[in-house]
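Worksheet for the structure shown next.
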Amino acid sequence: MSEFEPKIVAFFCNWCTFTAADLAGTSRLSYPPNIKIIRVMCSGMVDPKFVLKAFLNGADGVLIGGCWPGDCHYINGNLKARRRVALLTEVLKQYGIGEERFWLRWIAASEGTMLKEIAIDMTAKLKQLGPSPLRNMGQMAV
Amino acid sequence: MAKFAKLSFKKDELNKELAGFFKGILENGAVDAVLVPMAQTKKGVRLTLVTSPAHTAQVDPFAPMAAVSGAKIASSLTSRPSGRKVAMVLRPCEIRAVVELAKLKQVNLDDVLLIGMDCLGRYENTDFAKFQEQAGTSEAFLENAQAGKTSLSDFDIIGACKICEFPTADNIDMRLCAIGAGSGSVFIEAVTEKGEEALEKSGLKSGEAPAGRDEAVKKLVAARTEARDKKFAEFRSDAGNFEALRDKLAACVNCYNCRVACPVCYCKECVFITDTFRHTGEQFMAWADQAGTLKMPNDTLFYHLTRMTHMSLFCVGCGQCTSACPNDIDLMPLFRTCADKTQARFSYQAGRSMDEQQPMAGFKSDELVEVTGQVK
């Protein structure tokens, strides 16, 4: 049987993390293709519904990438994102999707290497964990 | 220092005495209007806006029912204010929701005299009708409920009330005290300056505090808290994964009544009725293709989980969601157990204080470091 390949939906902020992904690319760093990137203007615009929908539609993990505190292009969008992530984590945790599947990470525009490491790290952790508990429920569930 | 006025009543005359108090504050200009539960012509009790002192006779503030949350009525009355002073007699859960709505600027308390009544629970709407048919009175209910007896022939107070640890109201100007008030009397307590002024104008004399009250309240809170923890543990062991959650919600038809009834579902327009969720046929087909099937209406779990992220921080545990469900889904424990976790994460408690900022209304640069676990 082939190895389980987790699907990770990643919301990357335009100014820092997406730029870091761009840098990783131009630097010819390679990271697992499990990460599917959605470019957003700010981590602070990631509505909890985006994350819920990703999980309900079968994502094994969700990664939100934003600027480090103090570096947000919109001054504090990332800090709002952090509160929302804490809130949504509390909701999801009760039904079996915990911090290990739902990550928020600060990755600056210059941190292409860190982006690569986080992508490798998250993919490896999710491989160990196995598919999301929502995945087997299929669309019938949602 | 709080002031108490004792209101003694003869058998079947509790409401008559209370009517006298409301008449007093209306007549003497403490307020221009009173919003208070009142008996309707034949059946039922509803919050009623009274502006004439001649029409207070039918008041029944302790009636064990709340057809809709009074917090929503408070919002209708004050979000675009009349400029007239109004006394609002509400249950503790309604007051706590009012506190949250005031923070959201959906209730304006400027001209409001908040009167919180002691609450020993409420019956469902349909059960309250039976209660009335069986000649049940608020007076008898107060007495029996304090002795721990709330059940009647084939019904009881709702599940939310059985696990409610807030039988008395805070953040109010006055209280209607029934718990530990002794047989044949209730007390009207003035808590704030505004409340004291109203008490004075009502013509009632202040005197001794009810002797047994503090202890009676403490005992009731302890019993309710224990029941709450037991219910939480039971529910969690029973609904700790998405499959169990789906099964709990199996009867849901996406009517969204729970969010209509919810006093703290604060969005003016719910996203689930906007064009965001008006999908094309093609989109539905694409989703069905993914797993081979698509339950319709779809997005049931999505809706409830979204509601949890929206309102759980403000959930006051009033049980209106359960009451509103046409398919008898007991939603209250679902939202209350969730609220317990989310509120704890932010050391927040819905309705506790006017001064506590709502968690999603602010942020700090040096908090919640554990979310990313990264330190620069």
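Model, not experiment: these values are computed from the prediction. Residue numbers begin at 1 in each chain, while the letters A, B, ... track the order of the sequences.
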Practice task
Look at B/Arg345 together with A/Glu90 and state whether they make a salt bridge at an N to O cut-off of under 4.0 Å.
Solution key: yes
Exercise for the section: Pull out the residues in residues 223-236 of chain B that come under 4.5 Å of chain A, heavy atom to heavy atom, sorted by number. Expected result: none
Practice task
For each of B/Leu368, B/Val271, B/Asp366, tally heavy-atom pairs with chain A at distances under 4.5 Å, and name the one with the top tally.
Solution key: B/Leu368
Practice task
With a 4.5 angstrom heavy-atom cut-off, could you sort out which part of B/Leu245 is near chain A: side chain, backbone, both or neither?
Solution key: side chain
Problem - Heavy-atom check, side chain of A/Tyr95 versus side chain of B/Asn241, under 4.5 Å - result: no
Fill in the blank from the handout: Comparing A/Glu99, A/Arg105, A/Lys93 against chain B, the one with the most heavy-atom pairs below 4.5 Å turns out to be A/Arg105
Practice task
Determine the option with the most heavy-atom pairs under 4.5 angstrom with chain A, choosing from B/His310, B/Lys376, B/Lys341, B/Glu243.
Solution key: B/Lys376
Handout entry: Contact check, side chains of B/Phe302 and A/Lys49, non-hydrogen atoms, under 4.5 Å
Key = yes
Please set out all donor-acceptor pairs under 3.5 angstrom arising from side-chain atoms of residues 331-339 of chain B, sequence neighbours excluded.
unit_1   : atom_1 : unit_2   : atom_2 : d
B/Arg336 : NH1    : B/Ile163 : O      : 3.1
B/Arg336 : NH1    : B/Glu165 : OE1    : 3.4
B/Arg336 : NH2    : B/Glu165 : OE1    : 3.1
B/Arg336 : NH2    : B/Glu165 : OE2    : 3.1
B/Thr337 : OG1    : B/Pro333 : O      : 2.6
B/Thr337 : OG1    : B/Leu334 : O      : 3.1

Distance-only donor-acceptor hits, side chain of residues 36-44 of chain A, under 3.5 Å, sequence neighbours excluded:
unit_1  : atom_1 : unit_2  : atom_2 : d
A/Lys36 : NZ     : A/Pro33 : O      : 3.3
A/Arg39 : NE     : A/Asn14 : OD1    : 2.8
A/Arg39 : NH2    : A/Asn14 : OD1    : 2.8

Practice task
Measure the spacing between CG of B/Asp340 and CD of A/Gln94 and express it to the nearest 0.5 Å.
Solution key: 8.0 Å
Problem - Residue pair B/Gln374 / A/Ile118, side-chain heavy-atom distance below 4.5 Å - result: yes
Handout entry: Nearest-0.5 Å distance that lies between atom CG in A/Leu87 and atom CE in B/Met308
Key = 11.5 Å
Practice task
Using a cut-off of 6.0 Å, state whether more than 12 heavy atoms not belonging to A/Lys127 lie near its atom NZ.
Solution key: yes
Exercise for the section: Select all residues of residues 59-84 of chain A having any heavy atom within less than 4.5 Å of some heavy atom of chain B, and report them by number, or 'none'. Expected result: A/Trp68, A/Pro69, A/Asp71, A/Asn76, A/Leu79, A/Lys80, A/Arg82, A/Arg83, A/Arg84
Handout entry: Heavy-atom proximity to chain A below 4.5 Å, by part of B/Glu370
Key = neither
Practice task
Check each of A/Val91, A/Asp47, A/Leu92 against B/Thr309 using the side-chain contact (heavy atoms from CB on, under 4.5 Å) test, and report the only one that passes.
Solution key: A/Val91
Problem - Side chains of A/Phe55 and B/Leu305 in contact at under 4.5 Å (non-hydrogen atoms) - result: no
Problem - Interface moiety of B/Leu313 toward chain A, non-hydrogen atoms closer than 4.5 Å - result: side chain
Completion exercise
Here the gap from B/Arg246 atom CZ to A/Leu134 atom CG, rounded to the nearest 0.5 Å, amounts to 10.0 Å
Problem - Spatial distance of atom CH2 (B/Trp287) from atom CG (A/Asn57) [nearest 0.5 Å] - result: 7.0 Å
Problem - B/Phe346 portion near chain A, given a 4.5 angstrom heavy-atom threshold - result: side chain
Problem - Whether over 12 other heavy atoms sit under 6.0 Å from B/Met285 CE - result: no
